[in-house]
Every structure is written in C-alpha cells, then in structure tokens.
Amino acid sequence: MHSGLCNFYKIVAYGTRRRLIKTIFKEDSGDLERFVLLAAMSVALMLADARLAQMTLVRSGLVLAATPLQWVVQLPARTARWISDVSTSREFLESENARLTARNMVLEGKSQRLISMEAENIRLRMLLNASDSLDESVMVAEVISVDPDPFTHKIFIDKGSRHGVFKGQPVLGATGLMGQVVQVDPYSSRVLLITDSNHAIPVQVARNGLRAIAIGTSSIMNLELVHVPDTADIRVGDTLISSGMGRRFPSGYPVAVVVDINHHPGRPFAKVRATPTAELDRGRYVLLVFTEQSRTPAQAGAPAAGATETPAEATLPDTGAQ
C-alpha cells in the first residue's frame with residue numbers, strides 16, 4: 001500500500017510539472033509575439049513620421065488631445081503654488097518691499113555717480129581737444145578749492161612751483177580763457193579769474209580787430225569793455241579774443257562774447273557788456289599754458305613760495321573806470 005501511494009504521488013507530480021512547463025512556454029511564446037508586433041508597429045510609425053507629411057497633423061492632434069491631461073497632471077502643483085502665494089505673510093511682503101526699495105535707492109545712487117562721471121569725462125575730452133588746437137605746451141591742473149570771499153573771483157589749483165607754474169601764467173578752460181596765476185606755492189597756486197574786479201585784459205574783436213580792454217565786474221557772467229568809442233564798429237554777438245598786448249596772455253584765445261551795447265547821448269564812450277566764453281563757475285580741470293611769450297625774464301626762474309598777487313594785466317587809464 002505504501003508503494004502504491006508513492007507511485008500515485010509521482011504520477012501527480014509528473015503531470016503537474018508537465019502542465020506547468022507547457023503554460024510557461026505558452027506564455028513566453030505569446031510575449032514574444034506581442035514584442036515582435038509592437039516593434040514592427042514602432043518601426044512603421046517612425047518611417048511614416050519621417051516620410052509622410054500627413055503625420056504632422058496626426059502628431060498635432062495627439063498633442064492637442066493630451067493637453068487636457070497635462071493640465072490635469074499639473075493642477076496639483078499649480079494649486080499648491082497658488083495657495084503658497086495667497087498665504088504669504090504681510091510681514092514678509094513688507095520686508096521684501098523694504099529690501100527692494102533700499103536696493104533701488106542704491107542703484108539710483110550709482111546711476112547718479114555714473115552720470116557725474118560721464119559729464120566729467122566730457123569736460124576732460126573738451127580740455128584735451130582744446131590742448132590739441134594750441135601750439136603752446138600745456139599742463140592739466142585740478143581745481144581744489146574756491147575763494148569763499150563773494151567779492152573776489154579766485155580758485156586754487158593743485159600745481160605749484162615744483163611743477164613749473166609761475167606767476168602771470170595764463171589759465172585756460174575748455175571753451176576760453178579763464179584767468180592768470182597770481183600766487184604760487186610749492187604744490188598749489190592761486191588763479192585770478194577774468195571776472196574779478198581787479199582783473200583787466202586787452203582784447204580785440206575777432207571780426208574786425210577793434211581793440212579794447214575787458215575788466216571784471218565781480219559778476220561771474222559779466223565783463224565790461226571800457227573806453228569803447230560810441231561810434232566804434234562793435235555788435236552784439238561779436239567774439240572777443242585776447243590781443244596779446246602786455247605780453248601776459250598769448251593772442252588769439254577766446255575771452256568773451258558781446259551781449260549788450262548801450263549808447264548814452266552826449267557821452268563819448270558806449271557801455272559794452274560781454275559774457276565770458278569759459279565756464280568759470282564749473283568744471284574741475286583747467287589748462288596751464290606755457291609760452292615763451294608769456295614768460296618774462298623775471299618769471300623764467302621758479303618763483304618763491306608764498307609770492308603775493310600780481311597786478312592786473314593791463315593798467316587802466318586814470319578815468320575812474322576802476
């Protein structure tokens with residue numbers, strides 16, 4: 001009986017094993033067939049997509065059909081982002097606004113600095129262009145301070161006797177003559193501007209060569225021509241240039257432009273007012289002009305430190321004009 005049971009179990013196990021093997025091979029055969037079918041379809045679709053223009057419409061249709069599904073998939077992330085934006089605290093928004101405001105102010109400050117630097121570069125280029133048009137040698141100096149006395153027009157520059165500066169040396173701006181050096185120290189100098197009431201300069205009308213003397217009026221925008229005959233050929237808009245008389249200023253430098261002429265009946269002289277061409281109240285740099293004509297024998301050597309002011313270039317006649 002025992003041997004009969006053993007034979008029975010063997011027969012059952014053998015039958016079960018055969019059915020299992022058949023099932024496995026049957027499933028494997030189906031998977032292989034499906035794989036081959038899908039691979040063939042994929043190759044066919046790729047070939048059709050590469051060679052048939054109609055597949056573009058099919059692709060667009062599939063993308064359009066999948067768009068709602070993409071939107072549904074992205075909906076949770078969009079919802080979470082919206083909730084996060086809505087729930088942002090007021091304190092955070094206020095702090096962020098303050099930070100951005102401060103950053104904006106910093107950027108505006110830097111922008112203003114760039115604007116001032118650009119304007120300064122323009123003035124420097126104008127100075128360089130002015131020096132290129134001169135036959136004389138020049139040296140650039142920086143304005144370091146302005147005389148606070150409202151009745152005098154003087155500036156201080158950062159060049160002195162150690163740099164070759166001498167008393168009476170002409171000082172030029174980008175657009176015209178500014179004045180002359182009246183005091184020289186080792187490392188700085190004082191410049192008397194042409195609008196100072198103690199300054200006078202011989203000029204001539206560029207149009208016809210008419211000579212005159214321009215004196216300062218203590219107004220930064222005004223010069224006055226003295227002893228101009230009432231019948232003289234001078235007009236509003238005439239340019240006045242340095243005449244070179246007195247051998248202090250070289251000839252040919254622009255000085256001023258005539259802006260007003262008043263004729264007084266019964267008086268022999270007209271009152272002529274002019275505006276300096278140089279920007280006397282702005283800019284940080286000036287040109288010191290070196291000419292053999294402007295150096296007198298006494299000025300050829302280095303001047304002593306602490307020298308006093310020189311008188312104006314031209315001595316006015318004793319008519320009360322001063």
For this session: Check whether any side-chain N or O of Asn208 sits under 3.5 Å from a backbone N or O of Asp233 as a donor-acceptor pair, and report yes or no.
Result: yes

Exercise. Okay, side chain of Ser197, backbone of Ser218: is any donor-acceptor separation there less than 3.5 Å?
Worked result: no

Give me the atom names and distance for the closest heavy-atom approach of [X] to [Y].
X: Pro250; Y: Ser242; value: O-OG, 2.6 Å
X: Gln180; Y: Phe249; value: CB-CZ, 3.8 Å
X: Val165; Y: Ser189; value: CG1-OG, 3.6 Å
X: Leu177; Y: Gly179; value: CD2-N, 3.6 Å
X: Asp196; Y: Phe151; value: OD2-O, 4.3 Å
X: Ile220; Y: His153; value: N-CE1, 3.5 Å

Problem set entry | CZ/Arg78: more than 12 non-hydrogen atoms of other groups inside 6.0 Å | yes

Exercise. Around Arg211, counting heavy atoms of other residues, nucleotides and ligands shown, do more than 12 lie under 6.0 Å from its CZ?
Worked result: no

Do [X] and [Y] come within less than 4.5 Å of each other through their side chains, counting heavy atoms only?
X: Ser137; Y: Phe290; result: yes
X: Val138; Y: Leu172; result: no
X: Asn262; Y: His264; result: yes
X: Ser161; Y: Pro186; result: yes

Problem set entry | Joint hydrophobic cluster, Leu225 plus Met221, side-chain heavy atoms closer than 4.5 Å | yes

Problem set entry | Common cluster, Leu280/Ile241, ILVMFWY with side-chain heavy-atom separation under 4.5 Å | no

Problem set entry | Distance in Å, Arg284 CZ paired with Asp158 CG, rounded so as to fall on 0.5 Å steps | 9.5 Å

For this session: Could you check Val272, Thr275, Val205, Leu223 and say which one makes a side chain to side chain contact (heavy atoms under 4.5 Å, CB included) with Val258?
Result: Val272

Problem set entry | Stepwise side-chain contact (heavy atoms from CB on, under 4.5 Å) test for Ile157 and Leu288 | CA-CA 10 Å; Ile157 58 176; Leu288 296 168; 3.8 Å; yes

For this session: Tell me, please, which residues at least two apart from Tyr187 pass ring-ring contact (aromatic ring centres under 6.0 Å, His included).
Result: none

Problem set entry | Side-chain ion pair, Lys154 and Asp149, N-O less than 4.0 Å | no

